[in-house]
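Everything below concerns the one structure shown next.
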Amino acid sequence: MNYKFQKTLSFITAYSILLTSASCGSRVERNSVRTEISDTADTSEENSFATANSHDSPSETGASAAADNSSYPASEPPKSASKGSIYDTDGRLLISGEYGKRVYADDYAVSFGNVATEMSDGYDRAFNDILISSDNSGTANCIAVTLDAEVQNAVYSYMQTNNIKGACVAMRTDGSILAQVSYPSYDPRTVSETKYDEELAWGEFGNKAFQNYEPGSCFKIMSEVIADKHGVFSLTDEGEWEFDGTSIVNWDYETNFSYPIERSLSSAFVNSSNIFFAKAFDLIGSDAVLSDLDSIFHFVTDIKCDFGDLQNNIEIYCNDDLRRTAFGQAYVLTSPIYLTALGREAVFGDMVRPFVLQNINGKTASAGNEVIASIPEELRYNLLEGMNAVGGNLSVYVPDGYSLYAKTGTAETWLGDFLYITGCVKNNNGTGMESYNGNYSNYAENGSYIIVMMVQNPGDHGFEFASESASLYQGLINTIVGS
């Protein structure tokens, strides 16, 4: 069953990527091919795209990059026409200048390079129609985004200093994105004027926070609720489950000598058993699993956001695919931005629509807290207890007045293993449904922080499992919540 297939560009449909885990189907997937193309790029320090803090002139490749203008409306103004500026949540200038000749603020150019610029398919392109329109006085519209530029810079600097290749997304409880960092980025001031560049959007220096990859065991947030809904509370866990000439193995099979064990749903979640959830999905069946994923977690159908659509991917061709789907492998793909929305739902019960457009010409653009999916009340407690236990096991400290809820994930991808921590630093005074109406000056009083970390280079840190990356996650909590 090919229930949902991520959209692809026609010129890449001939490519396919082999999964690192055994399966019985194949796929062509947008981000995997784009990443594969980036392998041919010059990643030396002399390459202006790669040198995050370089102010040198653009490389020959960057200067000659062809713009893809096909998606722009024919009615767009000429390049000499005005285009409005982009500010952060506190009014700091990020991007200004005329249409076709944009100017990037020196202080924030690099950390926002692959998130906000037209070249990287960022906010300047997503909100192009607004920015090239004018108010009643004829002045081009200006917008403010919900991101805090100082937090964005601090997170980027932390990831750069600690060589964390990957992404970090921080979201407020109303769905507004506080920080969206993808490291490494590039300096847009060194790139020739162009509307869009394929490499800068989807290559090595593209926005990994918006790209899709296997989520690994973070998917078990959804699997736990689905198993709970269908009454799967106890199963035999052999540590290695062999079937049809292949097998599924738990991460601790070689070190845990107590197998086989009778595993509870709670133990399966806290100890991240692949076998328990694979067997649970096998019992429940693909139709019910897919229905629950969409109705409870909005995972199958696209989530339309102001900055672009979140398009998860899930394909089930056989029982093996279904079993591996349960722990975020096979043909399951999602983005760190989606995982923040999922983390918010796991802790507060409701998924709200992510957004970044705070205001247009000073007028609030989104009130936030738009609920798009919910966990049934009777299924929330067990998940919340499990997230609390996982958070406690990480030995990560949060400020007084906060509690940590988390799920770790180690994913096998076509680029090697990725490590995830999806967590919520919950303010014990908050309900999660406070309304801010575009003003976050007092957010810290009751606000919580959903923080997702994706590490794409665990080998550089000597990590094998996601739980080992907790020290890096600690630094992100200190940087974001401490701010």
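Residue numbers count from 1 along this sequence.
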May I ask you to check whether F327 and F219 place their ring centres under 6.0 Å from each other? no
Within the distance-only criterion (no hydrogens, no angle test), does the side chain of [X] pair as donor or acceptor with the backbone N or O of [Y] below 3.5 angstrom?
{"X": "N162", "Y": "I164", "result": "no"}
{"X": "N361", "Y": "N141", "result": "no"}
{"X": "S374", "Y": "P376", "result": "no"}
{"X": "N439", "Y": "S441", "result": "yes"}
{"X": "E468", "Y": "F465", "result": "yes"}
{"X": "T479", "Y": "V155", "result": "no"}
{"X": "S185", "Y": "V110", "result": "yes"}
{"X": "R344", "Y": "G349", "result": "no"}
{"X": "S157", "Y": "N153", "result": "no"}
{"X": "S120", "Y": "L200", "result": "yes"}

Where do [X] and [Y] come nearest, in terms of heavy atoms and distance?
{"X": "Y196", "Y": "A201", "answer": "CE1-CB, 3.6 Å"}
{"X": "F127", "Y": "I143", "answer": "CD1-CD1, 3.7 Å"}
{"X": "S471", "Y": "Y158", "answer": "O-OH, 3.8 Å"}
{"X": "A411", "Y": "G216", "answer": "CB-N, 3.5 Å"}
{"X": "A109", "Y": "R189", "answer": "CB-NE, 3.6 Å"}
{"X": "L147", "Y": "Y123", "answer": "CD1-OH, 3.5 Å"}

Would you call [X]-[Y] a salt bridge at under 4.0 Å N-O?
{"X": "D148", "Y": "R92", "result": "yes"}
{"X": "E118", "Y": "K83", "result": "yes"}
{"X": "D350", "Y": "R380", "result": "yes"}

Steps toward side-chain contact (heavy atoms from CB on, under 4.5 Å) verdict (I451, V169): CA-CA 6 Å; I451 303 172; V169 180; over 6 Å; no
Is there a side-chain contact between [X] and [Y] (heavy atoms, below 4.5 Å)?
{"X": "Q180", "Y": "F112", "answer": "no"}
{"X": "V145", "Y": "T89", "answer": "no"}
{"X": "I477", "Y": "V398", "answer": "yes"}
{"X": "R353", "Y": "K304", "answer": "yes"}
{"X": "Q152", "Y": "V115", "answer": "yes"}
{"X": "S82", "Y": "Y99", "answer": "no"}
{"X": "L293", "Y": "M222", "answer": "yes"}
{"X": "D124", "Y": "R102", "answer": "yes"}

Decide whether a cation-pi geometry holds between K407 and F269; the criteria are a distance under 6.0 Å from NZ or CZ to the six-membered ring centre and an angle within 45° of the ring axis. yes
How long is the straight-line distance from [atom2] of [Y] back to [atom1] of [X], given to the nearest 0.5 Å?
{"X": "D107", "Y": "L93", "atom1": "CG", "atom2": "CG", "answer": "10.0 Å"}
{"X": "D306", "Y": "S176", "atom1": "CG", "atom2": "OG", "answer": "10.5 Å"}
{"X": "K426", "Y": "L404", "atom1": "NZ", "atom2": "CG", "answer": "12.0 Å"}
{"X": "M159", "Y": "S182", "atom1": "CE", "atom2": "OG", "answer": "7.0 Å"}
{"X": "C142", "Y": "I130", "atom1": "SG", "atom2": "CD1", "answer": "11.5 Å"}
{"X": "D294", "Y": "T301", "atom1": "CG", "atom2": "OG1", "answer": "3.5 Å"}

Which residue in the set Y420, Y338, F418 passes ring pair (Phe, Tyr, Trp, His ring centres under 6.0 Å) when paired with Y213? F418
Under the criterion side-chain contact (heavy atoms from CB on, under 4.5 Å), I'd like the reasoning laid out for I296 against E345: C-alpha separation, chi angles, the key distance, then a yes or no. CA-CA 10 Å; I296 301 176; E345 182 178 14; 4.2 Å; yes
Are a donor atom and an acceptor atom from the side chains of [X] and [Y] found within less than 3.5 Å of each other?
{"X": "T334", "Y": "N313", "answer": "no"}
{"X": "D174", "Y": "N369", "answer": "no"}
{"X": "N207", "Y": "Q211", "answer": "no"}
{"X": "K220", "Y": "S217", "answer": "yes"}
{"X": "Y186", "Y": "T117", "answer": "yes"}
{"X": "T364", "Y": "N359", "answer": "no"}

So F307 and I337, side-chain contact (heavy atoms from CB on, under 4.5 Å) or not? Walk me through it. CA-CA 11 Å; F307 52 83; I337 294 179; 4.0 Å; yes
Quick one: which residue pairs count as a ring pair (Phe, Tyr, Trp, His ring centres under 6.0 Å) with a foot in residues 423-459, not counting sequence neighbours? Y436-Y440, Y436-Y443, Y443-Y449
Does L342 form a side-chain contact (heavy atoms from CB on, under 4.5 Å) with F297? I'd like the steps, not just the answer. CA-CA 7 Å; L342 177 63; F297 299 105; 3.6 Å; yes
